[in-house]
Amino acid sequence: MKSLLKILANFVRELGAILLFIIRSLFAFWTCNNRFNKIIQSTLEIGYRCVFIVLIIGLFTGMVMGLQMYYTLIKFGADAALGTAVSLSLIRELGPVLTALMIVGQSGSALCSEIGIQRNGEQVDALKTMGIDSIGFLAGPRLYAGLISFPILTAFFDLIGLFGGYFSGCVLMGLDGDIYWKKVFHSVHFVDVYGGFIKALCFGIFTIGICTYEGYYSHLNSSYKGIQGVTQAATKAVVKSSVFVLIFDYLITSFLL
Amino acid sequence: MNFQINIQGLSKRFGDNVVLDGVDLQITSETITAVIGKSGTGKSVMLKLIAGILEKNSGTIECLKISESGESIPISIEEIGFSYMFQNNALFDSMTAFENVALPLVEGNNALPKLKVKEKVDHLLEQLDLVSSSDRYPGELSGGMNKRIAFARALITEPKVVLFDEPTTGLDPERKFTVFDMIKKYRKQFGFSALLVSHDIPDVYEIADSVAWLDKGKIQFFGKPENIDLISEVSIKEYLKTGRISSNHL
Ligand SMILES: Nc1ncnc2c1ncn2[C@@H]1O[C@H](COP(=O)(O)OP(=O)(O)OP(=O)(O)O)[C@@H](O)[C@H]1O
Ligand SMILES: [Mg+2]
């Protein structure tokens with residue numbers, strides 16, 4: 001019981017620390033120069049690393065959904081509802097969640113190691129001696145880039161997923177394509193898109209926040225010093241971000257529904 | 001601007017490892033102090049404490065601005081204007097040599113317009129024989145080249161206090177004297193003070209006004225370079241002897 005309380009206390013403390021770190025980065029970023037360039041560069045970095053994998057995963061997720069839903073719906077003679085089923089589950093749930101998990105695995109870990117290595121190589125201290133706010137300089141642009149790139153990549157995922165569903169459900173299994181698209185357009189409402197968008201924003205800021213936080217404090221939070229500490233931090237960052245995505249997906253969904 | 005940095009009883013330990021145990025040192029305007037001592041005695045730690053990168057355990061570091069009338073006003077080392085050259089350079093791998101040197105001018109509190117930055121950085125790179133490498137990344141350059149880039153980054157802001165952590169280690173004799181000459185020249189030009197950690201004994205004596213020998217957590221000797229050979233303590237004799245041998249090997 002006592003240890004459970006301790007774990008809970010640690011969890012809350014950590015969450016608070018990360019939240020403060022995020023707020024601090026978002027504000028401190030405004031003390032940096034060339035802000036626009038920095039945000040664009042970080043956004044491209046995340047986008048460039050992830051767009052390919054997001055498209056592939058999106059396509060195949062859509063295709064699997066098309067198949068699974070087809071076999072489920074046809075049992076009830078409701079195969080015409082395939083478009084509804086695929087689009088709603090993609091846009092509301094799978095799009096934001098899977099995209100976030102992909103970006104965390106692809107970009108978040110790299111981001112965390114990069115900052116961790118800079119901590120280890122004393123570049124972070126060097127920034128301090130130059131009078132540059134290291135949190136604003138290193139974490140700030142990445143957080144804003146997360147806010148921009150997560151929704152965009154999620155939109156890519158959703159779109160290509162819909163095509164995936166169309167491909168397996170209509171082209172392969174022979175459902176009527178017109179009905180599929182009609183159902184998609186009829187059943188997706190603004191609330192659904194909006195909900196997915198809110199999720200993407202939330203995941204973007206928090207997962208990138210967790211990854212930069214773990215990298216920035218890799219020298220304090222790891223049991224190892226040096227590069228081993230950085231790899232440990234990167235692993236922790238990915239695990240924490242992924243758990244965060246799934247827990248908060250549930251919480252946001254229960255608020256929105 | 002005249003200033004003074006008074007360090008008194010500065011102590012630092014990591015766990016049970018007592019690294020500094022009551023360091024007393026004074027830095028005044030436009031003086032170069034060479035800090036010498038065996039590897040692992042805490043020279044880098046001392047510079048980091050002065051720069052505020054590490055937290056001290058006890059002691060005081062007091063920075064004073066001396067006004068015309070001789071009045072001393074407490075200020076911070078940032079207000080005096082300082083820079084730090086790290087022992088391992090601490091350059092950003094994702095930036096070119098030029099961008100690394102320009103960083104404090106592009107980002108810092110006293111950011112300059114682009115053209116001015118370019119002019120200044122190019123000028124400094126030229127003096128350090130680095131023009132041909134200015135578009136290359138630290139990973140593509142040799143250790144000595146990176147050292148000179150770090151040196152340039154430390155001087156680009158025209159600081160009043162520079163903490164040099166082994167600025168010449170790993171440089172060939174010619175480049176080493178270039179760096180020493182530049183320290184001398186820039187001191188004249190901008191009038192900075194330097195705390196200069198070096199193993200290049202006795203070459204470093206040429207530019208140093210005084211030498212501080214750090215051993216067993218304390219400054220054991222502080223005085224003019226020519227006097228260091230006069231003291232009779234065995235441990236410093238031994239240290240200097242080994243210092244000689246290694247500098248002859250370069
Ligand atoms: N961040 C740190 N954590 C724990 N111990 C440290 C840390 N930094 C330095 N030390 C310890 O402090 C002592 C002094 O280290 P320091 O780097 O100052 O030596 P140095 O005099 O600069 O040596 P060198 O001439 O080899 O550069 C060493 O024993 C080192 O293990
Ligand atoms: Mg050192």
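Residue numbering restarts at 1 for every chain, and letters A, B, ... go by the order of the sequence lines.
For residues 119-135 of chain A, the interface with chain B (any heavy-atom pair closer than 4.5 Å) comprises A:Gly121, A:Glu122, A:Gln123, A:Asp125, A:Ala126, A:Leu127, A:Lys128, A:Thr129, A:Met130, A:Gly131, A:Ile132, sorted by residue number.
Proximity to chain A is limited to the side chain of B:Phe86, based on heavy atoms less than 4.5 angstrom apart. Proximity to chain A is absent for every atom of B:Glu78, based on heavy atoms less than 4.5 angstrom apart. Contact annotation for B:Leu91: only backbone heavy atoms (N, CA, C, O) come within less than 4.5 Å of a heavy atom of chain A.
Within 6.0 Å of the NZ atom in B:Lys120, the count of heavy atoms belonging to other residues, nucleotides or ligands exceeds 12. Residue A:Phe197 places its CZ atom among 12 or fewer non-hydrogen atoms of other residues, nucleotides or ligands, all under 6.0 Å distant. Counting non-hydrogen atoms of other residues, nucleotides and ligands closer than 6.0 Å to CZ of A:Phe60 gives a total of 12 or fewer. The environment of NZ in A:Lys236 is crowded: more than 12 heavy-atom neighbours from other residues, nucleotides or ligands sit within 6.0 Å. Residue A:Leu5 qualifies as enclosed at atom CG: its count of foreign heavy atoms under 6.0 Å is above 12. Atom CZ of A:Phe163 has 12 or fewer heavy atoms from other residues, nucleotides or ligands within 6.0 Å. Crowding of B:Arg13 atom CZ: a count of heavy atoms from other residues, nucleotides or ligands under 6.0 Å not exceeding 12. By the 6.0 Å contact criterion, CD on B:Glu79 is enclosed, its count of non-hydrogen atoms from other residues, nucleotides or ligands being greater than 12.
At least one donor-acceptor pair under 3.5 Å links the side chain of B:Glu107 to the backbone N or O of A:Asn33.
Separating the CD atom in A:Gln41 from the OG atom in B:Ser94 is a distance of 8.0 Å, to the nearest 0.5 Å.
With chain A as the partner, the residue from B:Met85, B:Lys48, B:Gln87 showing the most heavy-atom pairs under 4.5 Å is B:Lys48.
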